[in-house]
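A, B, ... follow the sequence lines: proteins, then strands. Residue 1 opens every chain.
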Amino acid sequence: VVTAVAGSAPPSGVGGVSRVAGVVLTVETPEPESFELDIGLIAGAALTFALAYIIARAAAIVLRNASELTVEHRIVIKSFIPVIRFAVYVVAVAVVIGPLFELTTSQLLAFSGALGAVLGLGIQNLFANVVGGFVVVFQRPYRPGDKVQIGEHYGEVTDVGISSTTLLTVDDNEVLVPNYKFFTESVANANAGDAELMVVPEVYLAHGADIERGREILRDVMRSSRYVYVSDDHPLVVRVDHDPAYVTLRGRAYANDVRREFAFESDVTERTLATLDEEGIERPDPAIAPRGAE
Amino acid sequence: VDDEHSPPAETVEAFEDCLDGADTVAVVAAPWSGRDALLDRAGEREGVTERVSLGGPVEEPPELPDTERVLVADCHHLFRRAVDGFDHLEAFCRDLVSTDAAVVTTWNATAWAYLDATTSVAAAFDEVFEVPPLGVEQAETLLFETIDAEDPEAELAAYAEYAPDRELTIEYAREKLRRLYRGTVVDYLKGLVEDAAGNPRTVRTLFECRTERGIDGRPGDPDVAYSASYLLWLVLANEGLAVAELADLAGRAIETDLASLARQGVVSVAADDVTIPAEAFGDVRSHLDGRRLLW
């Protein structure tokens, strides 16, 4: 604002004064808007995050229910849950911290210092988890519905959250794995987004047993299982390995649903062993066979 | 199953072309889709023909007669989904590749898809002829044939009431349908064909349910355990099974699952035989597809 004042002293709070031909020109610079952390701002932020939580939760429920209607597309549908959740929270954070972008340099520096101090004081793990969550959501080393091994935990990924991934283990335990573990642990994904999952049942025969018949039985059991899935890309294979103490018949076939992995394996193992016994095909001494011989 | 359906003319024509270029042919179709009619067509060709109908589970694989042409119906009965259940099929396929006769066989489509994945049965045939599901136009033709055949005079009277000075044509019948369903015939038929998974018998049955009885006709997606879904697959692939055989294939007691399936209208149990009612065909396929039992 430029104010022309003839022959008067500049008022307080004036940014600059110049005198030209007996006329005093005063230039007023605007006061920077103050950023006050008042109760209204806090309530607004809380409301925004609450709304974001409700939206993300509702979307997750809808998608989860929709995904359970089909085995084939279950994992694809579920993979949208973490993406939507992150998008909703990113928007919420942007809405809340939007005013920060209007801060002056000094205010921004003060905020950055405070944020650095908070991170340094102990929430760096949370920050690492959130970053890990972003990487998991967008790089997709696994997605909800996949069967994964993270560290010592193996199970179905039921949720990829902002800070942790939830696994449902075989023992029906829910395990929360911090997302930063993705950076520090090896992650094995058994199905990588596919609805089907490879299963490798093994049975053991004694040396001298009818190996060819055993191989036929295992093949027939696998292809007649109610849980099997076979296609050109998912063939049935039976391999025979001769160990010094026994012969291993190792099948390779796909369960038609990742959730039927153990049902398929049990079905194949039980029926194969029952048929081998029915036909008197000799199995090795349980003391020397690793498993499946008992 | 009883299959009196005659496939559309273009399907028959394509089948004739297929026969011209191949000695061994597998005709693959859903139940009630005209497999028998196609086999009859093959039997009308020149030369000495022998026909073998398996009709049910077989104790031994059929021997191929020493003749010019052999027609073998319902070859899906050559296998049981069990240990050693594929032996007859494999023996039959070995005979097939060594015979001099022209052999035309028919197969249930669900069983065929399973067998082709697990035993590569298609490799034993020169040609595989898959009868496609009905499209909208074919369903329309089928329905109007049905309407005409059932009670032509009554239908004529109905049409006459609507268009007294016109002859009975498909166009006037289309107008009748348009009045009935307040939508376009095509939209209606699209829905009907989709509900019936393109199966001719199912199309007819659902149409009758909706026009004559005023009900949808479909049983809906059954809410059953996976073990019961597998029973459905067995019944669909075998086109009906005795209860004892079904229990034997399932390897367990099936009474509870069977009762649940029957209660929900997706199987019929009569005289110890389990079958899939025509009106349930589309829902059964859709259910099995959702469970990844259809490949």
Side-chain angles (χ1 to χ4, degrees), chain A residues 66-75 77 191 194-197 203 213-238 251 253-264 266-268 270-279 281, chain B residues 76 78-91 110-123 220-238 245-252 254 257 283 285-295:
Chain A
S67 72
E68 294 300 333
L69 297 176
T70 164
V71 175
E72 191 164 4
H73 305 296
R74 186 174 64 220
I75 294 175
I77 296 171
N191 59 308
D194 292 336
E196 57 280 345
L197 177 73
V203 292
R213 178 61 187 149
R215 206 178 66 81
E216 283 174 8
I217 290 170
L218 179 55
R219 185 199 56 190
D220 274 6
V221 165
M222 287 197 302
R223 66 182 168 178
S224 64
S225 172
R226 72 192 63 177
Y227 305 106
V228 75
Y229 177 78
V230 189
S231 72
D232 289 346
D233 299 330
H234 303 83
L236 287 168
V237 178
V238 179
Y254 290 82
N256 60 4
D257 182 353
V258 292
R259 290 181 180 169
R260 297 181 194 127
E261 173 189 9
F262 297 108
F264 182 43
S266 299
D267 179 49
V268 170
E270 282 174 19
R271 289 169 57 221
T272 304
L273 294 181
T275 312
L276 290 173
D277 289 346
E278 265 174 34
E279 299 194 10
I281 296 176
Chain B
H76 44 272
L78 284 170
F79 91 104
R80 292 179 81 243
R81 194 163 170 168
V83 174
D84 295 336
F86 305 88
D87 293 354
H88 294 342
L89 173 71
E90 285 166 353
T110 303
W112 177 268
Y114 167 75
L115 290 171
D116 195 30
T118 55
T119 69
S120 303
V121 63
D221 186 20
D223 180 15
V224 291
Y226 184 80
S227 55
S229 301
Y230 182 63
L231 295 184
L232 268 184
W233 186 91
L234 289 170
V235 177
L236 182 66
N238 287 281
E245 171 70 357
L246 189 57
D248 192 36
L249 285 170
R252 59 186 176 79
I254 59 169
D257 281 341
D283 284 337
R285 277 198 60 86
S286 165
H287 173 79
L288 294 178
D289 198 34
R291 290 265 161 114
R292 297 206 89 208
L293 279 162
L294 293 185
W295 308 338

Open item on the list: side chain to side chain contact (heavy atoms under 4.5 Å, CB included) for A/Ile77 and A/Thr70? Distances and angles first, verdict last.
Closed with: CA-CA 10 Å; A/Ile77 296 171; A/Thr70 164; 4.2 Å; yes
Per-residue contact mode, [X] against chain B (heavy atom under 4.5 angstrom):
X	result
A/Glu279	side chain
A/Ala263	neither
A/Arg213	side chain
A/Asn256	both
A/Arg260	side chain
A/Thr272	neither

TODO: Return yes if some donor-acceptor pair links the side-chain N/O of B/Arg252 with the main-chain N/O of B/Ala247 below 3.5 Å, else return no.
DONE: no
TODO: For chain A, find which of B/Thr118, B/Val83, B/Thr119 contributes the most heavy-atom pairs closer than 4.5 angstrom.
DONE: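 Winner by heavy-atom pair count: B/Val83.
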- [ ] Determine the option with the most heavy-atom pairs under 4.5 angstrom with chain A, choosing from B/Tyr226, B/Tyr114, B/Phe79, B/Phe86.
- [x] B/Tyr226
Task: With B/His287, the side chain to side chain contact (heavy atoms under 4.5 Å, CB included) member among B/Val224, B/Asp223, B/Leu293 - done: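 Option passing the side chain to side chain contact (heavy atoms under 4.5 Å, CB included) with B/His287: B/Val224.
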Task: Heavy-atom proximity to chain A below 4.5 Å, by part of B/Asp84 - done: both
Task: Carboxylate-amine/guanidinium contact A/Glu216 A/Arg219, below 4.0 Å - done: no
TODO: Please tell me if the side chains of B/Asp221 and B/Asp283 come closer than 4.5 Å, counting only heavy atoms from C-beta onward.
DONE: no
Open item on the list: Show every salt bridge (charged side-chain N to carboxylate O under 4.0 Å, His left out) that has at least one partner inside residues 285-295 of chain B, sequence neighbours left out.
Closed with: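 Qualifying pairs, neighbours excluded: A/Glu196-B/Arg292.
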Open item on the list: Just verifying a value: how many Å separate B/Leu78 CG and B/His76 NE2, rounded to the nearest 0.5 Å?
Closed with: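 Reported value, rounded in 0.5 Å steps: 9.5 Å.
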